[in-house]
Amino acid sequence: MGRVRRKWHPNYFDHVVVRGNNRQILFHEAADFQQFLRILHYVYDKYSYTLVSYCLMNNHFHLLIRSEVPLSKVMMVINRRYSDYYKKKYRYTGHLYENRYFSDMILTSDGVLEVSRYIHQNPIRTKIPLVAKLEHYPYSSYQYFKKQNVIPSFLKPDQLLTFFRLESQRTYAYY
């Protein structure tokens, strides 16, 4: 029996999570994180998508993404290209990822804000926080909300900021 087809709609964001097999490390060094970000650039040029939040942890990553083509196509290219890179660099065989990517369609503007906040808080919600302040974690999109860094072409933080106008009780400071 085949797998159940994923639900996808071009007007909604999806919270995507991918974990290493048996929670193994996916990103060993800075070059691995940078390669993943280059892959996001490559895929953005190939398939148009809107990424408003991301966080790359050692053994998993989160994306808050909306795509104009089926999300499965976007994630197939991202996961395959990173897997090929990882397997070649570390001479690894077998499954790199625990399962197919997890995705949850976010149906409300409030939900998009909550998921984005959850994604950005990953580096400080570990048993031993990785950084004292979220803006100090270099592999998260939070830095582009806090600082005036050059924003990568694949990231659209301004799209997230429009949701604050939709939620009258929410403020950027609360986020």
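Predicted model only: the values in this text are computed from it and were never measured.
Relative orientation of the Phe27 and Tyr82 rings is tilted, given thresholds of 30° and 60° on the angle between their planes. Below 30°, between 30° and 60°, or above 60°: for Tyr54 and Phe154 the angle between ring planes is between 30° and 60°, a tilted geometry. The aromatic rings of His62 and His60 stand perpendicular to each other, their planes meeting at an angle above 60°, with 30° marking the opposite boundary.
Using a 4.5 Å heavy-atom cutoff, the side chains of Tyr85 and Arg80 are not in contact. Counting heavy atoms from C-beta on, the side chains of Cys55 and Pro123 come closer than 4.5 Å. Between Glu98 and Asn22 the shortest side-chain heavy-atom distance does not fall below 4.5 Å. Counting heavy atoms from C-beta outward, Ile106 and Asp14 have side chains that stay 4.5 Å or more apart. The side-chain heavy atoms of Glu29 and Lys89, taken from C-beta on, include a pair separated by under 4.5 Å. At least one side-chain heavy atom of Met57 sits under 4.5 Å from a side-chain heavy atom of Thr126. Considering only heavy atoms from C-beta on, Val17 comes within 4.5 Å of His15 through its side chain. No side-chain heavy atom of Asn21 sits under 4.5 Å from any side-chain heavy atom of Tyr97.
For Glu68 and Lys73, the salt-bridge test fails: no basic side-chain N is under 4.0 Å from an acidic carboxylate O.
With rounding to the nearest 0.5 Å, the separation of CD in Gln143 from CG in Leu155 is 9.0 Å. With rounding to the nearest 0.5 angstrom, the CD1 atom of Ile78 is 13.0 Å from the OH atom of Tyr44. With values rounded to the nearest 0.5 angstrom, Ser53 atom OG is found 12.0 Å from Arg117 atom CZ. The distance from atom CG of Leu63 to atom CG of Leu40, rounded to the nearest 0.5 Å, is 6.5 Å. The line from NZ of Lys88 to OG of Ser83 is 13.5 Å long, rounded to the nearest 0.5 Å. Between the OG atom of Ser140 and the CG atom of Asn122 there is a distance of 8.5 Å, given to the nearest 0.5 Å.
Residue Leu56 is grouped with residue Ile124 when hydrophobic side chains (ILVMFWY) are merged at heavy-atom distances under 4.5 angstrom, including chains of intermediate members. A chain of hydrophobic side-chain contacts below 4.5 Å, direct or via other Ile, Leu, Val, Met, Phe, Trp or Tyr residues, connects Tyr42 to Leu37. Following chains of ILVMFWY side-chain contacts shorter than 4.5 Å, one cannot reach Phe102 starting from Leu96, and the two form parts of different hydrophobic clusters. Ile25 and Ile39 are assigned to two separate hydrophobic clusters, defined by single-linkage of ILVMFWY side chains at heavy-atom distances under 4.5 Å.
Asn79 contributes no side-chain N or O that, together with a main-chain N or O of Met76, makes up a donor-acceptor pair within less than 3.5 Å. Side-chain N or O atoms of Tyr90 include none that pairs as donor or acceptor with a backbone N or O of Thr93 at under 3.5 Å. Distance alone, capped at 3.5 Å, places no donor-acceptor pair between the Lys46 side chain and the Val77 backbone.
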Derivation of the side chain to side chain contact (heavy atoms under 4.5 Å, CB included) call for Leu26 and Asp32 = CA-CA 8 Å; Leu26 293 174; Asp32 299 337; over 6 Å; no
Candidate pair Tyr92 and Gln24, rule side chain to side chain donor-acceptor pair (under 3.5 Å), full reasoning | CA-CA 12 Å; Tyr92 182 81; Gln24 75 183 31; 3.2 Å; yes
Decide yes or no on side chain to side chain contact (heavy atoms under 4.5 Å, CB included) for Asn58 and Phe33, but give the supporting numbers first.
-> CA-CA 9 Å; Asn58 287 338; Phe33 288 103; 3.6 Å; yes
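Other cluster members for Tyr12: Met105, Leu107, joined by side-chain heavy-atom distances under 4.5 Å among Ile, Leu, Val, Met, Phe, Trp and Tyr.
Taking both residues in full, the closest heavy atoms of Tyr137 and Leu130 are given as CE1-CD1, 3.8 Å, listed atom of the first, atom of the second, then distance. Scanning both residues, Val18 and Met75, for their nearest heavy atoms gives CG2-CE, 4.0 Å. Nearest approach of Tyr101 to Leu71, heavy atoms of both residues: OH-C, 3.9 Å. The heavy-atom pair separating Ser141 from His120 by the smallest distance is OG-NE2, 2.6 Å.
Because its NZ or CZ atom is not both nearer than 6.0 Å to the ring centre of Tyr49 and within 45° of the ring axis, Arg66 does not count as a cation-pi partner of that residue.
More than 12 heavy-atom neighbours from other residues, nucleotides or ligands sit within 6.0 angstrom of NE2 on His41.
Partner Leu64 forms a side-chain contact (heavy atoms from CB on, under 4.5 Å) with one of Thr50, Val115, Val16, Leu113 and no other, that one being Val115.
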